[in-house]
Asker: 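My structure is below; once you've seen it, I'll send some questions.
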Amino acid sequence: MRVIIADSPEAVARMGAEQCIRLLQDKPAAVLGLATGSTPIALYAHLIQRRQQGEVSFRQVRTFNLDEYIGIAPQHPQSYRSFMQKQLFDHIDILPENTHIPSGMGDPMAESRAYEDKIHSAGGIDLQILGLGRNGHIGFNEPTSSLSSRTRAKTLTQETIRDNSRFFSADEEQPHLAITMGIGTILDARKVMLLAAGAAKADAVKAMVEGPISAMHPASALQMHPSALVIVDTEAASKLELIDYYRWVQSETLRVQGAYL
Ligand code: GLP
């Protein structure tokens with residue numbers, strides 16, 4: 001697992017976007033795994049800007065989102081489909097039929113199997129972008145999720161429901177269930193890149209990077225991935241025991257390569 005410590009949430013987003021752009025420049029028909037939550041919004045803003053400047057195209061790109069609420073129609077303002085349209089898809093040259101988000105409206109078991117098949121038929125995910133829940137969840141794989149799980153329905157923890165309640169107004173019914181790629185599905189991606197910013201994520205970052213691999217902390221499964229990149233700001237990195245080592249690796253990389261990444 002490679003840990004990059006960036007000076008600010010903005011720098012986290014910029015570095016994350018740079019990784020996506022490099023991939024798309026090398027492989028214009030790449031398959032991207034996308035995430036929702038507040039963290040990747042600034043990364044998506046960078047991608048939009050770079051598209052507008054003509055530096056990158058999404059014309060051949062296919063995307064697979066991690067998750068979707070169950071019982072919410074795609075047109076619902078709080079659906080992850082609406083989120084992705086608003087934060088990214090409506091502003092880039094991606095073909096709508098190439099964007100995939102699990103459907104929260106059909107039979108979850110059939111939808112889950114079909115979603116796994118679609119990822120497989122696309123040749124697998126080249127780069128999976130991830131955020132991090134305060135309890136260590138990735139996608140909606142809550143603590144005690146099987147580390148080899150595949151796409152399926154999950155019941156959200158009350159903590160996650162509370163954390164995400166800021167997106168729902170008081171009179172809106174907030175879903176308690178979601179369909180999510182499994183941890184095994186995420187680990188199958190050729191590269192994974194997790195972004196986290198802010199002091200509220202510091203404990204989760206420490207457990208993910210330095211804790212034991214445990215279903216109690218789903219993100220710790222990324223320790224088993226051969227190409228996992230973690231980009232965090234100084235606040236999210238503040239509890240890492242080996243922080244000086246990660247910074248040292250960073251400066252050595254800069255010295256040898258002329259860039260952090
Ligand atoms: C939701 C999403 C996760 C995301 C998490 C963190 O629960 N299902 O994929 O990582 O939120 O969100 P934020 O980036 O807003 O902290």
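When a ligand or atom number is given, it counts from 1 through the structure's own listing order.
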Asker: Check the pair I213 / S220 against side-chain contact (heavy atoms from CB on, under 4.5 Å), numbers first and verdict last.
Answerer: CA-CA 5 Å; I213 296 176; S220 65; 4.3 Å; yes
Asker: Closest non-hydrogen protein atom to atom 7 (O) of ligand 1, residue and atom name please, with distance?
Answerer: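 Here the nearest protein heavy atom works out to H137 NE2, 2.9 Å.
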Asker: How about Y69 and F167: are their ring centres within less than 6.0 Å of each other?
Answerer: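 No; F167 has its ring centre 6.0 Å or more from that of Y69.
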Asker: How far is atom 6 (C) of ligand 1 from its nearest protein heavy atom, and which residue and atom is that?
Answerer: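 It is L132 O, 3.7 Å.
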Asker: I'd like to check which ligand 1 atoms, numbered from 1 as shown, lie under 4.0 Å from a non-hydrogen atom of Y80.
Answerer: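 Answer, ordered by atom number: 1 (C), 2 (C), 8 (N).
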Asker: Is the shortest side-chain N to carboxylate O distance from E159 to R162 below 4.0 Å?
Answerer: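 Not counted as a salt bridge, because no side-chain N and carboxylate O are separated by less than 4.0 Å.
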Asker: Which ligand 1 atoms, with their elements, are less than 4.0 angstrom from a heavy-atom of G37?
Answerer: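 Heavy-atom distances to G37 below 4.0 Å select 12 (O), 14 (O), 15 (O).
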Asker: Looking at the rings of F58 and F89, which for Trp means the six-membered one, are their centres under 6.0 Å apart?
Answerer: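 That pair fails the under 6.0 Å test.
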Asker: Side chain, backbone, both or neither: which part of R134 comes within less than 4.0 Å of ligand 1 when only heavy atoms are counted?
Answerer: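 Contact part for R134 vs ligand 1: neither.
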Asker: Hey, is ligand 1 close enough to L66 that some N/O pair sits below 3.5 Å?
Answerer: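 L66 vs ligand 1: no N/O contact under 3.5 Å.
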Asker: Please round to the nearest 0.5 Å and tell me the distance separating atom NE2 of H76 and atom CZ of F168.
Answerer: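 Between H76 NE2 and F168 CZ, I get 6.5 Å after rounding to 0.5 Å.
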Asker: Will you find, in the side chains of Q174 and N164, an N or O donor that is under 3.5 Å from an N or O acceptor?
Answerer: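 No, N164 and Q174 have no side-chain donor paired with an acceptor closer than 3.5 Å.
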Asker: Could you list the atoms of ligand 1 found under 4.0 angstrom from a heavy atom of T39?
Answerer: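 Per the distance check, 13 (P), 14 (O), 16 (O).
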Asker: Tell me: protein heavy atom nearest atom 8 (N) of ligand 1, and distance?
Answerer: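 Nearest protein contact, heavy atoms only, for atom 8 (N) of ligand 1 is D67 OD2, 2.8 Å.
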Asker: Using a distance-only test with no angle check, is there a side-chain donor-acceptor pair under 3.5 angstrom linking S103 and E111?
Answerer: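 Result is no, nothing qualifies.
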Asker: Between D188 and R150, is there a salt bridge with N-O shorter than 4.0 Å?
Answerer: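 Salt bridge between R150 and D188, a charged N being under 4.0 Å from a carboxylate O: yes.
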Asker: Which one holds for L130 and ligand 1: side chain close, backbone close, both close, or neither close, with close meaning a heavy atom under 4.0 Å?
Answerer: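 Neither part.
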Asker: Could you identify the single nearest non-hydrogen protein atom to atom 16 (O) of ligand 1 and state the distance to 0.1 Å?
Answerer: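 Here the nearest protein heavy atom works out to K201 NZ, 2.6 Å.
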Asker: If you count the atoms of ligand 1 from 1 in the order shown, which ones are under 4.0 Å from a heavy atom of G139?
Answerer: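 Within the 4.0 Å cut-off of G139, ligand 1 contributes 2 (C), 3 (C), 8 (N), 9 (O).
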Asker: Can you tell me if R166 has a non-hydrogen atom under 4.0 Å from ligand 1?
Answerer: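 R166 counts as a contact of ligand 1 under the 4.0 Å cut-off.
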Asker: Nearest protein heavy-atom contact for atom 4 (C) of ligand 1: which residue, which atom, what distance?
Answerer: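 In this structure, atom 4 (C) of ligand 1 has T36 O, 4.0 Å as its nearest protein heavy atom.
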Asker: Is the closest basic N to carboxylate O distance between E116 and R152 below 4.0 Å?
Answerer: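 No salt bridge links E116 with R152.
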Asker: Give the numbers and elements of all ligand 1 atoms closer than 4.0 Å to a heavy atom of G131.
Answerer: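 Taking each heavy atom of G131 in turn, ligand 1 has 10 (O) under 4.0 Å.
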Asker: I need the R113 CZ to M109 CE distance, nearest 0.5 Å.
Answerer: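 Going from CZ on R113 over to CE on M109, the span is 5.0 Å.
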Asker: Give the residue and atom name of whichever protein heavy atom lies nearest to atom 15 (O) of ligand 1, and the separation in Å to one decimal.
Answerer: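 Looking only at protein heavy atoms, the one closest to atom 15 (O) of ligand 1 is S38 OG, 2.6 Å.
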